[in-house]
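Side chains are part of it too, since the values below use all heavy atoms of this structure and drop only hydrogens, waters and symmetry mates.
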Amino acid sequence: MKVTVAIVGAKRVLPLRWEVLRPGLPPEAAQFEGDEDLTTWHFAAFSPQNQVVGVASYFLAPFPWHAVRRPYRLRGMATHPAYQRRAGVGRQLLTQSLAFLQRQGVDGVWCYARLEAVPFYQKMGFTWVEEAGLVDLPGVGPHRVGYLILSQRVQP
């Protein structure tokens, strides 16, 4: 399914972020420190029916495992359950948002990836920080640390 990816405000990403990444927790659990910062970018993928089917947020944040001049942290990436692993929503969202960040001069992106999402990020070109091992995020579970150097990436 072809989606339209657009920059949106934090309020637009919160409902899907909460539904997919923080089920069973209060809605406030989907709000992250920095959501309203001027340096934060939020992206939404819209279906042809204008439904938000994917979200991703990028926060200016140091990356302690690799020297990157202007690193951003990918957080809160989620795809609506009806479109996961079959519609290409996540791939389109990540590809288009990373291309935007690269045009803005962002050198690298890093994330804590849920274990079930590691194959997706690997297909998208992320490298894993082996010395970080598994990182257990309280209330969320085990994650791997991944990164992508944008200056080495060819834009689509």
Could you check whether any side-chain N or O of [X] sits under 3.5 Å from a backbone N or O of [Y], counting only pairs where one atom can act as donor and the other as acceptor?
X: Y83; Y: G90; result: no
X: R91; Y: A87; result: no
X: W18; Y: L25; result: yes
X: Q92; Y: M1; result: yes

Quick test of your reading: applying ring pair (Phe, Tyr, Trp, His ring centres under 6.0 Å), list the pairs with at least one residue in residues 85-110, sequence neighbours left out, ordered by first then second residue. W41-F100, F43-F100, F63-W110, W110-Y112

Do the side chains of [X] and [Y] join up, straight or via other hydrophobic residues, at under 4.5 Å, putting them in one cluster?
X: F46; Y: I7; result: no
X: Y72; Y: L94; result: yes
X: Y121; Y: L101; result: yes

Testing the basics here: between [X] and [Y], what is the closest heavy-atom pair and its distance to 0.1 Å?
X: P81; Y: V20; result: CD-CG2, 3.9 Å
X: A45; Y: V3; result: CB-CG2, 3.9 Å
X: P62; Y: P71; result: CA-CG, 3.9 Å
X: G34; Y: T40; result: O-OG1, 2.7 Å

What's the separation between atom [atom1] in [X] and atom [atom2] in [Y], rounded to the nearest 0.5 Å?
X: L148; Y: M124; atom1: CG; atom2: CE; value: 8.5 Å
X: R103; Y: L98; atom1: CZ; atom2: CG; value: 10.5 Å
X: M77; Y: L16; atom1: CE; atom2: CG; value: 10.5 Å
X: K11; Y: Q31; atom1: NZ; atom2: CD; value: 8.0 Å
X: R75; Y: C111; atom1: CZ; atom2: SG; value: 11.5 Å

For the residue pair [X] and [Y], establish whether any side-chain heavy-atom pair is separated by less than 4.5 Å.
X: V109; Y: L150; value: yes
X: V118; Y: F126; value: no
X: F120; Y: Q84; value: no

Tabulate below the donor-acceptor pairs under 3.5 Å that side-chain atoms of residues 49-61 make, not counting sequence neighbours, or state none.
from : atom 1 : to  : atom 2 : distance (Å)
Q49  : OE1    : S47 : OG     : 3.3
S57  : OG     : R17 : NH2    : 2.8
S57  : OG     : H42 : ND1    : 2.6
Y58  : OH     : S97 : OG     : 2.6

For E33, does the CD atom have more than 12 heavy-atom neighbours from other residues, nucleotides or ligands under 6.0 Å away? no

